[in-house]
Amino acid sequence: MSEGHVERERIDRAIRVVLQASREGLDVSQQALAEKLGWSRNMVTNLETGRRVVQLTDFLMIAKALNIDPIALLHRVLRW
Amino acid sequence: MSEDTHFWRLFAAFGQVLVRHRRKRNWTAYRLGLDADLSGGEIIGRESGEHAPTLRDFFRIANALGAEPALLFIDLLSAWRADPTDTNRTFRPHDITRPSRLAYHHKPGDFRELLTTYDSVAEATRAAGKLNAQRHARGVALLDTVAIYLRLDCISLRPDDGETRGRAVKRLHRDAQS
């Protein structure tokens, strides 16, 4: 497995873990977050499990829905 | 501006920031793509705002550019928010051009910042060198930190429609007390 591939996997995992942890830290269910975003619950599940790649717009919409500053959320991903 | 339009503008903003950073380095889209593990076509697609960027793309591109992801993200948010039709969200150049302040740990738990602001971390660091020479001679704590700021949002203090100036002053005073 190439170094680049390992790094990509790490970034993908960091994004998923941070998004899920941020939601759970605020005691927001996947269903509740989906409703705030106007998404299906499956879409939230797929983002958190890696079945759907997180778009930049997804990231910003989730930050807004959870009332988290997007730069602070990005810092969590970077520090993971 | 609708929420959908607001987020769709993000694609164009990402493209603008990407083009600016790539051209600053005199790189072709192919060269950037090579380092970011994307094709030249994928880079061009993202620069034109036609392709929605993933967060993974963002990190790959930041890494390829040698840019600090958080600062590139700040650039992106600034470009996204600079909507000329939305006066409340208009990005002002001085919000970014003078974002740095020098600071020091006076003693444990007592972190202090100087009031002077600088255009960049590099400028702040150079100033710190000169100031620290003076501070060392005076035997005071040396500057050991550069703090970076960004305006994340703004709230209008202008009077509501139909509100008189006198009532606006009273409202602002009341809000300040709460």
Side-chain angles (χ1 to χ4, degrees), chain A residues 1-23 32-40 43-80, chain B residues 1-18 33-38 42 45-47 49-64 67-81 89 95-96 99 147-153:
Chain A
M1 190 176 285
S2 70
E3 197 176 307
H5 184 79
V6 170
E7 181 61 15
R8 283 197 298 278
E9 286 291 308
R10 193 192 69 78
I11 290 173
D12 285 348
R13 183 165 164 72
I15 293 168
R16 291 197 305 268
V17 167
V18 165
L19 288 181
Q20 181 174 351
S22 299
R23 175 183 60 75
L33 178 59
E35 284 172 11
K36 275 192 182 189
L37 291 164
W39 293 353
S40 66
M43 193 152 148
V44 175
T45 306
N46 288 343
L47 281 178
E48 292 183 359
T49 55
R51 283 196 287 273
R52 174 188 158 98
V53 178
V54 178
Q55 304 290 317
L56 204 48
T57 46
D58 297 337
F59 182 79
L60 288 166
M61 289 173 76
I62 290 170
K64 185 174 179 184
L66 293 176
N67 203 25
I68 299 175
D69 174 67
I71 298 173
L73 193 58
L74 191 84
H75 267 297
R76 292 183 196 179
V77 174
L78 291 169
R79 284 198 302 263
W80 186 81
Chain B
M1 174 177 287
S2 74
E3 194 76 3
D4 285 346
T5 308
H6 193 52
F7 278 105
W8 277 104
R9 283 195 62 253
L10 180 67
F11 299 174
F14 183 76
Q16 288 164 18
V17 169
L18 188 52
L34 208 58
D35 285 358
D37 200 21
L38 294 165
E42 286 174 313
R46 280 149 184 78
E47 288 183 352
E50 286 172 13
H51 293 176
T54 66
L55 193 57
R56 184 206 287 166
D57 287 347
F58 175 84
F59 280 115
R60 280 197 223 172
I61 288 168
N63 194 48
E68 171 63 44
L71 294 182
L72 188 66
F73 197 63
I74 287 169
D75 267 358
L76 169 60
L77 293 185
S78 302
W80 180 39
R81 288 172 175 173
R89 290 185 170 276
D95 287 338
I96 279 291
I148 301 173
Y149 289 93
L150 168 74
R151 179 179 71 127
L152 295 179
D153 208 335

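Bear in mind that the values here come from a model prediction, so they are computed numbers and not experimental data. All chains are named by letter (A, B, ...) in the order of the sequence lines, taking the proteins before the strands, and each is independently numbered beginning at 1.
- The residue among A:Val53, A:Ile15, A:Val77, A:Asp58 with the most heavy atom pairs within less than 4.5 Å of chain B is A:Ile15.
- To the nearest 0.5 Å, atoms CD (A:Gln55) and CZ (B:Phe11) are separated by 7.0 Å.
- In this structure, the separation between CH2 on B:Trp80 and OG1 on A:Thr57 is 9.0 Å, given to the nearest 0.5 Å.
- Residues B:Leu77 and A:Leu60 meet the side-chain proximity criterion, which asks for heavy atoms closer than 4.5 Å.
- With respect to A:Leu56, the side chain to side chain contact (heavy atoms under 4.5 Å, CB included) criterion is satisfied by exactly one of B:Thr54, B:Leu76, B:Asp57: B:Leu76.
- Shortest non-hydrogen contact noted between A:Leu74 and B:Ala70 is CD2-CA, 3.8 Å.
- Contact check for B:Phe59 versus A:Asp12: no side-chain heavy atoms found under the 4.5 Å cut-off.
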